[in-house]
Amino acid sequence: MKTNATLRIGRHRPLPVPGRPEARLSAVMRTHGAAVVLSVRGEADACTLDDWRRLVHEGAALAAAHGGPLVVDTGGLGFLSWRALVVLAEEAADQRQRGVAICLVSRTPTIARMAAVDPLTAELPIHSTVVGALSHLPAPPTTAK
């Protein structure tokens with residue numbers, strides 16, 4: 001059975017206190033079947049790195065609970081730092097050992113070129129659309145009855 005639910009973390013608009021890191025990064029998590037899609041907006045940089053790490057980790061935990069993959073959609077980001085990309089790749093490596101696939105959606109070819117230079121980030125699957133990511137991810141294992 002396919003269900004769609006939305007879990008909002010933050011808002012997709014700047015928060016009222018200018019200059020605070022959380023005003024620069026927001027996210028929405030939603031399920032698509034067993035998959036969890038984490039859509040982020042703003043900037044994933046040194047100022048927001050702790051929030052970025054928390055969002056990715058919470059998304060992975062929710063994906064694990066649903067028994068599916070995590071798709072991190074960065075289409076709303078104005079900037080994705082190298083360190084934020086590494087944090088995502090580290091979480092993906094940790095979750096891969098637990099059976100949870102994580103992939104990145106980026107429409108920016110520069111991100112794929114950046115990821116290709118390091119063995120850890122090179123293992124992170126990158127797709128240009130959420131639909132493409134969902135269609136390329138492995139199906140969750142079925143339980144025999």
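One-based numbering along the sequence shown. Just so it is clear, the values below take in all heavy atoms, side chains as well, and ignore hydrogens, waters and symmetry mates.
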message: When you compare the side chain of His32 with that of Leu134, does any pair of heavy atoms fall below 4.5 Å?
response: yes
- request: List the steps, then state whether side chain to side chain contact (heavy atoms under 4.5 Å, CB included) holds for Leu77 with Arg41.
  value: CA-CA 5 Å; Leu77 285 182; Arg41 287 188 181 174; 5.7 Å; no
query: Is there a path from Val100 to Val72 through hydrophobic residues (I, L, V, M, F, W, Y) whose side chains come within less than 4.5 Å of each other?
result: no
message: Quick check on the hydrophobic clustering: are Val131 and Ile102 connected, directly or via other members, by side-chain heavy-atom contacts under 4.5 Å?
response: no
- prompt: What heavy-atom pair brings Glu91 and Ala60 nearest, and what distance separates the two atoms?
  reply: OE2-CB, 3.7 Å
field: Nearest-0.5 Å distance that lies between atom CG in Leu55 and atom CZ in Arg53
entry: 11.5 Å
field: Met29 side chain reached by Ser39 side chain, heavy atoms, under 4.5 Å
entry: no
Determine all donor-acceptor pairs shorter than 3.5 Å in which one atom belongs to a side chain in residues 110-118; sequence neighbours excluded.
from	atom 1	to	atom 2	distance (Å)
Thr110	OG1	Arg113	NH2	3.2
Asp118	OD2	Leu120	N	3.0
Asp118	OD2	Thr121	N	3.4

query: When you measure from the side chain of Trp52 to the backbone N and O of Ala44, does any donor-acceptor pair fall under 3.5 Å?
result: no
task: Drop me the distance from His57's NE2 to Gln95's CD, to the nearest 0.5 angstrom.
output: 7.0 Å
query: Does His136 reach the main-chain N or O of Gly132 with its side chain, forming a donor-acceptor pair under 3.5 Å?
result: yes
message: Membership question, hydrophobic clusters at under 4.5 Å side-chain separation (ILVMFWY): are Trp82 and Leu104 in the same one?
response: yes
- prompt: Hey, mind stepping through Val71 and Val36 against side chain to side chain contact (heavy atoms under 4.5 Å, CB included) and telling me if it holds?
  reply: CA-CA 6 Å; Val71 176; Val36 173; over 6 Å; no
query: Is a salt bridge present between Asp73 and Arg107, judged by a nitrogen-to-oxygen distance below 4.0 Å?
result: yes
- prompt: Does Glu123 come within less than 4.0 Å of Arg96, counting only side-chain N to carboxylate O?
  reply: yes
field: Transitive ILVMFWY side-chain link Leu124 to Leu70, under 4.5 Å
entry: yes
- request: Could you tell me whether the side chain of Ser81 and the main chain of Ala84 form a donor-acceptor pair under 3.5 Å?
  value: yes
query: Under a 4.0 Å N-O cut-off, is there an ion pair linking Asp45 with Arg83?
result: no
query: Side chains of Val86 and Glu90: does their closest heavy-atom pair fall under 4.5 Å?
result: yes
field: Heavy-atom pair with the smallest gap, counting every atom of Gly33 and His66
entry: O-CD2, 4.5 Å
